[in-house]
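Read the structure below first, then the notes.
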Amino acid sequence: MPAAVQAGEPAPSHFAGDPVSIARALLGATLVRVLDSGERLSGRIVETEAYDCPRDPACTAGRFHAARSAEMAIAPGHWLFWAAHGHPLLQVSCRPKGVSASVLIRAIEPLEGLGQMLTFRPVTRERDLSNGPAKLVYALGLNPAQIAGTRVDSPALHLRPAETPLADDAVRVTARVGIKEGRHLPWRFTLRGNPWVSPALPSMAVVGDG
DNA sequence: ACTTCGATGCTCT
DNA sequence: GAGCATCGAAGTA
């Protein structure tokens, strides 16, 4: 796994690489959000997916000659938002400018600021707070216009590596959720047995074990 | 300006 | 598990 995600300060340059490896490495890391007020919200990343144009048939941008401009224009190690069905989805760019590839953060387990998150996103069942890619964006109070294009080590939103490396058997590898093409690719990573993983089921049998 | 589509979420059964 | 609300981006004109 990329050394940058194991320890130290995950700087943008460390996210230039294979999004599949980086998606696996980001599992277990902590996503830290600092509000304008100074209040700190955080959550453990329990679900990620990789998208990698042009080899990835599920990457919408890869089916066209021109990828989505915002994604194409961004350098590695920066936050970006993919819009789907009217919802913003948080991603980390992984390839040089002009190449569309990224890691989608699909679910987090709340660690700090649970009360504030519930204010941003009121839910009846606490479990539904951040167990989906758009849900966590709302729960953290992320404004795409403010965050998109900023570095992954920005004060307002940054990453903190997992303190202890994840054992391989703690990671569940499956097909990605909600796509039509590329279902055969095992590019979704979840923490096995974690209740904060999104309820969406993979459209294909579990890879590796289940 | 208009049309289509989607890496979703919510609200019912 | 099925139906729909929703809106940004891309394509078409």
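In what follows, every chain begins at residue 1, and chains take the letters A, B, ... in the order their sequences are listed.
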> Is there a donor-acceptor contact under 3.5 Å from the side chain of A:Trp187 to the main chain of A:Tyr51?
Replying inline: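 No; judged by distance alone, with no hydrogens or angles, the pair does not exist.
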
Rounding to an integer number of Å, can you tell me how far [X] [atom1] sits from [N] [atom2]?
X        : N     : atom1 : atom2 : answer
A:Asn143 : C:dG8 : CG    : C1'   : 14 Å
A:Leu129 : B:dG9 : CG    : P     : 12 Å
A:Gln91  : B:dT8 : CD    : C1'   : 13 Å
A:Lys180 : B:dC5 : NZ    : P     : 9 Å
A:Leu80  : C:dG8 : CG    : C1'   : 14 Å
A:Phe81  : B:dG6 : CZ    : C1'   : 18 Å
A:Trp82  : B:dG6 : CH2   : P     : 11 Å
A:Leu90  : B:dT8 : CG    : P     : 14 Å

> Closest nucleotide of DNA chain B for A:Arg121 versus for A:Tyr51: which of these residues is on the 5' side?
Replying inline: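 Looking at DNA chain B, the more 5' nearest nucleotide goes with A:Tyr51.
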
>> Between A:Arg176 and A:Glu49, does any side-chain N to carboxylate O distance fall below 4.0 Å?
In response: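 No, this pair does not count.
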
>> Any carboxylate oxygen within less than 4.0 angstrom of a Lys/Arg side-chain nitrogen, looking at A:Asp18 and A:Arg24?
In response: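 No, A:Asp18 and A:Arg24 are not salt-bridged.
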
> If you look at every strand shown and take non-hydrogen atoms under 4.0 Å, does A:Ala84 touch a base, only sugar-phosphate, or nothing?
Replying inline: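 Base contact - A:Ala84 has a heavy atom under 4.0 Å of at least one base atom.
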
>> With a 4.5 Å cut-off on side-chain heavy-atom distances among I, L, V, M, F, W and Y, is there a chain of contacts connecting A:Val99 to A:Val92?
In response: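 In one cluster: no.
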
>> Would you say A:Leu80 ends up clustered with A:Leu142 if hydrophobic residues are merged whenever their side chains have heavy atoms under 4.5 Å apart, either directly or through other cluster members?
In response: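 No: no chain of side-chain contacts under 4.5 Å links A:Leu142 to A:Leu80.
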
> Mind pulling the stems DNA chain B is in, i.e. runs of at least three Watson-Crick or G-U pairs, everything under 3.5 Å?
Replying inline: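 B:1-6 with C:7-12, B:8-12 with C:1-5 - these are the stems of 3 or more pairs that involve DNA chain B.
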
>> Quick check for you: among B:dA7, C:dA9, B:dG9, whose closest atom lies nearest to any side-chain atom of A:Leu104?
In response: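 The closest nucleotide is B:dA7.
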
> Out of A:Glu109, A:Glu47, A:Arg172, which residue meets the side-chain hydrogen bond (donor to acceptor under 3.5 Å, both in side chains) rule with A:Asn194?
Replying inline: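 Among the candidates, only A:Glu109 passes.
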
> Hey, is the side chain of A:Lys135 poking within less than 4.0 Å of OP1 or OP2 on B:dT8, counting only N and O atoms?
Replying inline: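 For B:dT8, OP1/OP2 do not have a side-chain N/O of A:Lys135 under 4.0 Å.
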
> Excluding sequence neighbours, so at least two apart, what forms side chain to side chain contact (heavy atoms under 4.5 Å, CB included) with A:Pro88?
Replying inline: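 Scan of A:Pro88 (side chain to side chain contact (heavy atoms under 4.5 Å, CB included), adjacent residues dropped) gives A:Phe81, A:Val137, A:Tyr138, A:Pro144.
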
> Tell me, do A:Asp153 and A:Pro12 make a side-chain contact under 4.5 Å, heavy atoms counted?
Replying inline: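 Result yes, sub-4.5 Å side-chain heavy-atom pair found.
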
Atom pairs under 3.5 Å, N or O on each side, protein against nucleotides 2-6 of chain C: can you list them with distances?
| unit_1 | atom_1 | unit_2 | atom_2 | d |
| --- | --- | --- | --- | --- |
| C:dT6 | O2 | A:His85 | O | 3.2 |

>> Working note: A:Asp128 + A:Arg121, criterion salt bridge (charged side-chain N to carboxylate O under 4.0 Å, His left out); need CA distance, chi angles, decisive distance, verdict.
In response: CA-CA 10 Å; A:Asp128 294 327; A:Arg121 182 179 147 77; over 6 Å; no

